[in-house]
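For reference, the structure discussed in these notes is given below.
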Amino acid sequence: MQVSEKDEDILSLYQKIILDHGKSPRNAGVVKQHNCRSEGKNPLCGDRVTVTAALGDEGQVLNLKFDGKGCAISIASASMMTEAVRGLRADDVRKMIQAVAKLCKEDTSDDQFFSEYGDGLGTRIEYLSALSGVRQFPARFKCANLPWQTLLSCLDGNDSATTEG
Ligand code: ZN
């Protein structure tokens, strides 16, 4: 694959965003008044993430925090997730979980991606596009996806999630 100069600029910007969140995670800790909690594991890399959330009557995310140990990508992804989904309605959160899996794995063009997910998720999705830098490292997909799968399991009422099986 040929990486143009412009792409290199974008990649290093993405790396900066990921490193920044990895070093100074946002919303680390536990939501005291949570009504949803799930623990996620990625045995491949050793990442562990616990998500706690306070959900409203209709499943909207009122508050969300994470606690965990893992590589910079898993921590950065968890940190970005807590900022991106706060205040969203339940169906938009699920849509965003799908969108992130696609963003980190598939080679959809930006135009295609934004026409599918830009509606409603708008600038929040743009903010998450730094995670698409993970596409360069397919082995790290599970690291990036772990917090999101853990959140999904939390929303589904399950107390644990794993990237295996
Ligand atoms: Zn990892």
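Ligands are counted one by one from 1 in listed order, and the atoms in each one are counted from 1 as well. All heavy atoms count here, side chains included; hydrogens, waters and symmetry mates do not. By convention here, the first residue in the shown sequence is residue 1.
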Using the test side chain to side chain donor-acceptor pair (under 3.5 Å), find all partners of Asn42 that sit at least two apart in sequence or belong to another chain. Asp47, Thr163
Can you check the number of protein N/O/S atoms within less than 2.8 Å of the Zn ion (ligand 1)?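 Total protein N/O/S atoms under 2.8 Å from the Zn ion (ligand 1): 5.
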Check: [X] side chain, [Y] main-chain N or O, donor-acceptor pair, under 3.5 Å:
| X | Y | result |
| --- | --- | --- |
| Arg89 | Gly59 | no |
| Thr52 | Val31 | yes |
| Arg86 | Ala84 | no |

Any carboxylate oxygen within less than 4.0 angstrom of a Lys/Arg side-chain nitrogen, looking at Lys41 and Glu164?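 Salt bridge flag = no for Glu164 with Lys41.
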Using the disulfide bond (SG atoms under 2.5 Å apart) rule, take Cys36 and Cys154 through it: C-alpha gap first, then chi angles, then the decisive distance, then the call. CA-CA 6 Å; Cys36 139; Cys154 190; 1.9 Å; yes
